[in-house]
Amino acid sequence: MESALLTTTTFRSVEGAYLALLRLAAGQFEHRIAARGNEAREVIGVGFRLPDPRQRLPYLAQRKVNPVFQFAEALWYLAGRRDLEMIGYYAPSMRSSSSDGVHLGGSAYGHTMFTPADGDLMSPFDRVLELLRTENDSKRGYLPAFSASELAVGDNPDVACLAGLHLLPRGGQLHMVCNMRANDLDCGLLSDVFSFTMIQEYAAVQLGLELGTYTHFIGSAHVNDHNTDRVKRVLTEADTRPAPAHFPFPAMPQATTEATIAHVLEHEEALRTNQLRYNVEHIRGLGLHPYWQQVVMLFELYRQLTHDQTAAVDPDLLATLDPGPRWLMEHKWPACTATPDGGAR
Ligand code: 5HM
């Protein structure tokens with residue numbers, strides 16, 4: 001009984017963890033805070049575990065997750081990038097976190113983990129993988145994100161919220177423990193869990209291990225007051241819907257390497273800059289695994305929404321999407337449920 005108090009609560013999917021944390025912050029919050037002008041309700045020192053980290057997307061009509069952004073952010077991290085040009089296209093709000101209008105700072109976790117630090121030839125990620133390949137049951141596979149030097153920058157608009165990711169190979173599985181100094185439960189948590197579990201799965205694939213559990217710990221878990229109404233709507237939906245929607249998320253292909261990420265991002269860039277437009281046949285002919293074809297389909301649909309500002313996206317592309325991302329696209333954008341003549345499908 002006592003040991004149960006020391007372990008984190010387990011959820012089948014991120015959706016359950018998200019809803020439980022919102023309930024906690026909305027009802028039994030511990031503190032009223034106003035850090036940097038943001039009034040919020042806060043609980044401190046909370047965590048949860050996902051036994052299957054692939055169940056990384058919520059399906060809630062009142063919390064319209066953008067699957068295009070989720071994949072874009074995960075790929076941006078995996079490619080070690082920090083440019084605003086790419087990520088700002090999918091999340092314009094991130095522009096305000098950049099101090100120079102060109103790069104992100106502490107929140108460019110991929111840059112910290114996947115790019116060699118000054119004076120080094122290997123990235124921290126590659127160093128951790130090298131260690132984990134040779135040292136059984138290692139406890140040293142830690143990828144720090146937060147750096148004390150960030151606090152030395154006056155008025156720093158972007159101090160890493162992620163403290164670090166800890167990779168733990170045990171019994172043929174790769175587990176991960178994530179430590180966050182702060183997490184906005186309504187706005188940050190979902191995209192963070194999505195991207196960090198993608199990094200975990202990518203690491204597992206590189207090591208030839210099965211995907212293990214994902215454990216998420218938060219120092220300051222909070223809901224900003226300006227999101228209170230949406231949080232209420234989300235909780236009402238969860239309490240009143242007949243049954244939750246659930247779509248299993250597929251496994252990352254075993255053949256995924258750095259080159260695969262670079263290949264997907266070549267197409268991402270061509271679509272983001274509107275230099276190409278793809279139909280289903282084009283995407284099937286790109287030489288990518290169907291898992292990654294799905295991601296390119298999302299980028300093409302987003303191109304149609306942003307560059308063409310179409311009233312109705314390509315119905316064949318939409319019909320070829322897996323049921324989960326399709327559900328999210330249809331709930332997020334009216335152009336994904338409209339017919340070309342302007343009616344509703
Ligand atoms: O004042 P502070 O630096 O903690 O503000 C950053 C805000 O962004 C916090 O509310 C934090 O919880 C949220 N955040 C998040 O939840 C930020 C990032 C980017 O580092 C993130 N998740 N990944």
Side-chain angles (χ1 to χ4, degrees), residues 14 17-18 20-22 24-26 29-48 56 58 63 65-66 69-78 80-84 86-88 90-99 103-114 143-166 176-200 214 216-228 230-231 234:
V14 69
Y18 165 69
L21 284 167
L22 289 187
L24 193 64
F29 64 93
E30 295 175 309
H31 303 283
R32 295 276 317 165
I33 58 169
R36 297 172 62 238
N38 290 318
E39 297 199 11
R41 291 160 195 230
E42 181 192 56
V43 281
I44 60 174
V46 292
F48 62 86
R56 51 174 73 96
R63 181 62 176 88
V65 157
N66 173 355
F69 167 72
Q70 305 285 4
F71 279 106
E73 187 186 59
L75 288 163
W76 187 71
Y77 287 149
L78 288 170
R81 294 171 69 148
R82 59 177 175 145
D83 58 305
L84 194 54
M86 175 183 164
I87 205 65
Y90 300 100
S93 63
M94 285 173 81
R95 295 183 192 281
S96 63
S97 298
S98 168
S99 53
H103 298 121
L104 267 298
S107 63
Y109 307 130
H111 183 72
T112 312
M113 295 177 188
F114 289 86
L143 291 162
F146 177 82
S147 156
S149 62
E150 294 181 70
L151 299 182
V153 178
D155 279 338
N156 190 339
D158 188 16
V159 173
C161 291
L162 174 66
L165 298 175
H166 194 180
M176 188 160 92
V177 177
C178 162
N179 284 289
M180 301 209 69
R181 68 167 175 86
N183 221 180
D184 179 328
L185 298 176
D186 188 40
C187 294
L189 176 93
L190 293 172
S191 53
D192 287 337
V193 172
F194 185 94
S195 287
F196 302 158
T197 57
M198 288 288 284
I199 293 174
Q200 177 187 4
Y214 173 79
H216 190 95
F217 287 121
I218 310 170
S220 162
H222 49 269
V223 171
N224 288 325
D225 285 1
H226 62 83
N227 291 323
T228 309
R230 177 167 72 178
V231 166
V234 171

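Note that these values count all heavy atoms, side chains included, but never hydrogens, waters or copies made by symmetry. Whatever order the structure lists ligands and atoms in, that order sets their numbers, starting from 1.
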Look only at the side chain of N179 and the backbone of A163, and say whether a donor-acceptor pair between them is shorter than 3.5 Å.
-> no
Where is the nearest protein heavy atom to atom 12 (O) of ligand 1: which residue, which atom, and how far?
-> D184 N, 2.8 Å
Proximal ligand 1 atoms for G188, defined as those under 4.0 Å from one of its heavy atoms = 16 (O)
For the pair Y77 (side chain) and I199 (backbone), establish whether a donor and an acceptor sit closer than 3.5 Å, ignoring hydrogens and angles.
-> no
Among A160, A145, C161, P157, whose heavy atom sits nearest atom 13 (C) of ligand 1?
-> C161
Taking both backbone and side-chain atoms of R181, is any N or O found less than 3.5 Å from an N or O belonging to ligand 1?
-> yes
Winner among E42, H222, M94, R36 once heavy atoms are compared against atom 10 (O) of ligand 1 = H222
Going through the distances and angles, do Y109 and F196 end up as a ring pair (Phe, Tyr, Trp, His ring centres under 6.0 Å)?
-> CA-CA 10 Å; Y109 307 130; F196 302 158; 5.8 Å; yes
Ligand 1 versus Y109, non-hydrogen atoms closer than 4.0 Å: side chain, backbone, both, neither?
-> side chain
Taking S191 for its side chain and Q70 for its backbone only, find out whether a donor-acceptor pair lies under 3.5 Å.
-> no
What part of D192 sits under 4.0 Å from ligand 1 if we count only heavy atoms: the side chain, the backbone, both or neither?
-> side chain
Within the side chain of W76, is there an N or O that forms a donor-acceptor pair under 3.5 Å with the backbone of D83?
-> yes
Just by modelled atom types, is the V159 backbone N or O under 3.5 Å from a matching donor or acceptor in the R181 side chain?
-> yes
Considering distance alone, does some N or O of D158 sit under 3.5 Å from an N or O of ligand 1?
-> no
